[in-house]
**Student:** 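Below you'll find the structure I mean.
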2 protein chains.
Amino acid sequence: MDQELKKPGKADRTRAAILAAAQQLFAGQGYELTTVRDIAAIADIDPAMVIRYFGSKDELFARAAVFNLKLPDLSKAERSEIGETLVRHFLSLWEGENANGAMPILLRSAASNKTAANKLREIFMGQVLPALTHAGGRSGAAERAGLVSSQLLGLALCRYVLKLPPVVGLSQDMIIREVGRTIQRYATGEQ
Amino acid sequence: MDQELKKPGKADRTRAAILAAAQQLFAGQGYELTTVRDIAAIADIDPAMVIRYFGSKDELFARAAVFNLKLPDLSKAERSEIGETLVRHFLSLWEGENANGAMPILLRSAASNKTAANKLREIFMGQVLPALTHAGGRSGAAERAGLVSSQLLGLALCRYVLKLPPVVGLSQDMIIREVGRTIQRYATGEQ
DNA sequence: TGCATTTGTCAACACTTGTTGACATTATGC
DNA sequence: GCATAATGTCAACAAGTGTTGACAAATGCA
C-alpha cells in the first residue's frame, strides 16, 4: 500500500495530516487566503512542522494539487457516446468516491497562482487535446479541445467554486444528458 | 458626460487614475495579490490617497467591479436566434470597444473574494435567469440558466483568465456559431 | 493681499505573513 | 543502561500588509 515502505511511523502520520489539512483549506479558499498557520492549526501541529515536512508553502501546494485525469481511451468508445462518456468520467472524478478534490484546489487558485494555472493548462493541453485528437481526427482538434474545455471547466467552476445554486442543483443524470450532448457535438462535429 | 458635474478638478483626475490602475491590476492578478501600494505606484500617487479617495481596499474593489450585463430583451428576438444573440452580446461586452474588463476582474477574484463571488452570483441569478424565464417559459428555467451560465462563464474563464491557447485562438465567428448553438439548445430545449 | 479649503506627502502604527534556528522531548539501536 | 537520531516546541526574524494622523504645499475665494 505505502509507496516509500517502512512502518507507518509517526512522521508519516503527521505528514498525512498536514497534507489533508492543506487540501481542505486550499480547496475551500484558495492559495492566497490559506496560511501555513491555519493549516498547522487544523492538523494540530506546530506551524514550523509544515515547513520542515514540505519545504515551503509553494511545495506543499504542489503536492496537494497533483492529480491525473486518467481519461478513458476514446478511440475505443462508441463514437456516438463520446460526449456522455467524457462527462460521466469527469463527474465521477470530481464527486465520486475516490475524488480527492484536486480539481477545486486548482480551479480556486488558478486565477491568482501561476503554479495552479500552469498545471491546469498542462492538464488540458496534455490530456484533453490528445484524447480528442484520437477521437475525432487531427483537423480542428485544437478548436474542439478548446470548446470542450470551456464547457467542462465552466461546469466545474459554477458547481464547485462559485456554487451557483442552479448549477449545484443539477442532477448528475441531467448533466450527463445535457452537457454530454454538447461535448459530443464539440468533440465530433456531429449533429 | 460627467455624472457628479462640476469642472473636472484635479481631484477627479487622480480619482480616475486610481480607479483605472486598480481595474488593471485587479483584472490581471486578482484581489489578494493586488496591493494598495501597487495601485498607487501605477497611478503615480501616494498610497495614502487611495484610502482617502475610496475609504478602503474593499470599497475600491467594489467600485472597480461594477458592471451591468444589459441583456437584450430575448422575448423580442427571433426564437431561433436566441443562442447566437446571447453569445454575440457577451462577446461584445467582454471584448468590444466599451468593454471595461469588469468580467475578468470578477472572475479572477471570485474564487477567493466573497464580494466578487456574491456579485457574480447576483448577476447570473438576477439577470440571466429572468431573461431565460421570459425566453423559454417558467418550467425548468433554473436548470436552463444553470447550463447557460456554466458554458458562458467557462468560456470567459478559459479565454480571459486561464488563457488556454486553444480557447484564446478561437475566432469570434466560431464562438458565436458553436457556442451559440449550445446556448440555443440549453435556453430553448430545441434541437 | 490674506485666509480657508483642497490636495498631496511622509512616517509610522499594528498586524500578519512565510520561514528559521536554537532548544527540548521522545523514540530507537547497541 | 547510554548515545544518537528522529520528532516536536518555542520565540523570533525580516518583510509586507492596510490604514492613520500630523504636517506641507497648492489652490481658490474675499
Side-chain angles (χ1 to χ4, degrees), chain A residues 2 4-26 28-65 105 108-109 112-116, chain B residues 2 4-26 28-65 105 108-109 112-116:
Chain A
D2 290 62
E4 274 304 49
L5 44 126
K6 286 181 181 177
K7 328 152 197 176
K10 204 170 176 204
D12 304 78
R13 260 184 291 126
T14 58
R15 237 187 116 83
I18 294 174
L19 199 71
Q23 288 175 322
Q24 172 187 335
L25 288 177
F26 284 145
Q29 49 186 6
Y31 180 83
E32 326 289 347
L33 289 185
T34 300
T35 79
V36 171
R37 284 169 169 86
D38 287 345
I39 296 173
I42 290 193
D44 202 42
I45 50 140
D46 193 276
M49 302 304 289
V50 176
I51 302 299
R52 262 256 269 267
Y53 276 71
F54 289 89
S56 72
K57 186 187 173 187
D58 267 306
E59 295 179 57
L60 173 55
F61 180 81
R63 298 286 180 129
I105 293 180
R108 256 228 159 74
S109 302
S112 56
N113 183 285
K114 296 203 171 182
T115 305
Chain B
D2 289 62
E4 275 302 51
L5 45 129
K6 287 180 179 177
K7 326 152 197 174
K10 201 172 179 203
D12 304 78
R13 261 185 291 125
T14 57
R15 237 186 116 83
I18 294 174
L19 199 70
Q23 288 176 323
Q24 172 187 335
L25 287 178
F26 284 144
Q29 49 186 5
Y31 179 83
E32 325 290 346
L33 290 184
T34 300
T35 79
V36 170
R37 284 169 170 85
D38 287 343
I39 296 173
I42 291 192
D44 203 43
I45 51 140
D46 192 277
M49 303 303 291
V50 176
I51 302 297
R52 262 256 269 266
Y53 277 71
F54 289 90
S56 72
K57 187 189 173 187
D58 267 307
E59 294 180 57
L60 173 56
F61 179 81
R63 297 285 181 132
I105 294 180
R108 228 186 243 285
S109 302
S112 55
N113 184 284
K114 297 202 169 183
T115 305

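Chain identifiers are assigned alphabetically (A, B, ...) following the order of the sequence lines, protein sequences preceding nucleic acid strands; residue numbering begins at 1 within each chain.
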**Student:** Under the side chain to side chain contact (heavy atoms under 4.5 Å, CB included) test, which residues partner A:Arg15, sequence neighbours left out?
**Tutor:**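 Residues passing side chain to side chain contact (heavy atoms under 4.5 Å, CB included) with A:Arg15: A:Tyr53, A:Phe54, A:Arg63.
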
**Student:** Just the rounded figure in Å: distance from C1' of C:dT17 to CZ of A:Phe61.
**Tutor:**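 My rounded result for the distance is 18 Å.
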
**Student:** Roughly how far apart are B:Ile42 CD1 and B:Ile18 CD1, rounded to 0.5 Å?
**Tutor:**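 Output value for this atom pair is 12.5 Å.
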
**Student:** Could you state the atom-to-atom distance from NZ of B:Lys57 to C1' of C:dT16 in whole Å?
**Tutor:** 13 Å

**Student:** Output the rounded distance in Å from CD1 (A:Ile18) to C1' (C:dT19).
**Tutor:** 14 Å

**Student:** Quick one, which residues of residues 28-36 of chain B touch DNA chain C with a heavy atom under 4.0 Å?
**Tutor:**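 Those residues: none at all.
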
**Student:** Check side chain to side chain contact (heavy atoms under 4.5 Å, CB included) between A:Arg52 and all other residues, then give those that pass, not counting sequence neighbours.
**Tutor:** none

**Student:** Atom CG of B:Leu19 and atom OG1 of B:Thr14: how far apart are they, to the nearest 0.5 Å?
**Tutor:**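 Interatomic distance, B:Leu19 CG to B:Thr14 OG1, rounded to 0.5 Å: 11.0 Å.
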
**Student:** What is the distance from atom CD1 of B:Ile39 to atom CD1 of B:Ile45, rounded to the nearest 0.5 Å?
**Tutor:**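 Interatomic distance, B:Ile39 CD1 to B:Ile45 CD1, rounded to 0.5 Å: 9.0 Å.
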
**Student:** Tell me the interatomic distance from A:Leu60, atom CG, to C:dG18, atom C1', rounded to whole angstroms.
**Tutor:** 12 Å

**Student:** Holding to side chain to side chain donor-acceptor pair (under 3.5 Å), I want the full list of residues that pass it with B:Asp58, two or more places apart in sequence or in another chain.
**Tutor:**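 Result, side chain to side chain donor-acceptor pair (under 3.5 Å) vs B:Asp58: B:Tyr31.
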
**Student:** Can you check whether A:Val50's main-chain N or O pairs, donor with acceptor, with A:Lys57's side chain at less than 3.5 Å?
**Tutor:**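 Checking the backbone N and O of A:Val50 against the side chain of A:Lys57, no donor-acceptor pair under 3.5 Å is found.
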
**Student:** Starting from P on C:dT17, measure out to CD1 on A:Ile39 and report it in whole angstrom.
**Tutor:** 11 Å

**Student:** Between C:dG18 atom P and A:Glu59 atom CD, what is the distance in whole Å?
**Tutor:**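 Distance check: A:Glu59 CD to C:dG18 P gives 14 Å.
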
**Student:** Once each nucleotide of nucleotides 6-12 of chain C is scored for protein heavy atoms under 4.0 Å, what B/S/- sequence comes out, 5' to 3'?
**Tutor:** -BBBB-B

**Student:** Could you state the CZ-C1' distance from A:Phe54 to C:dG18, rounded to the nearest angstrom?
**Tutor:**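 Nearest whole value for this atom pair: 16 Å.
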
**Student:** Please enumerate all residues that pass side chain to side chain contact (heavy atoms under 4.5 Å, CB included) together with A:Leu33, with sequence neighbours excluded.
**Tutor:** A:Gln29, B:Glu32, B:Ser112

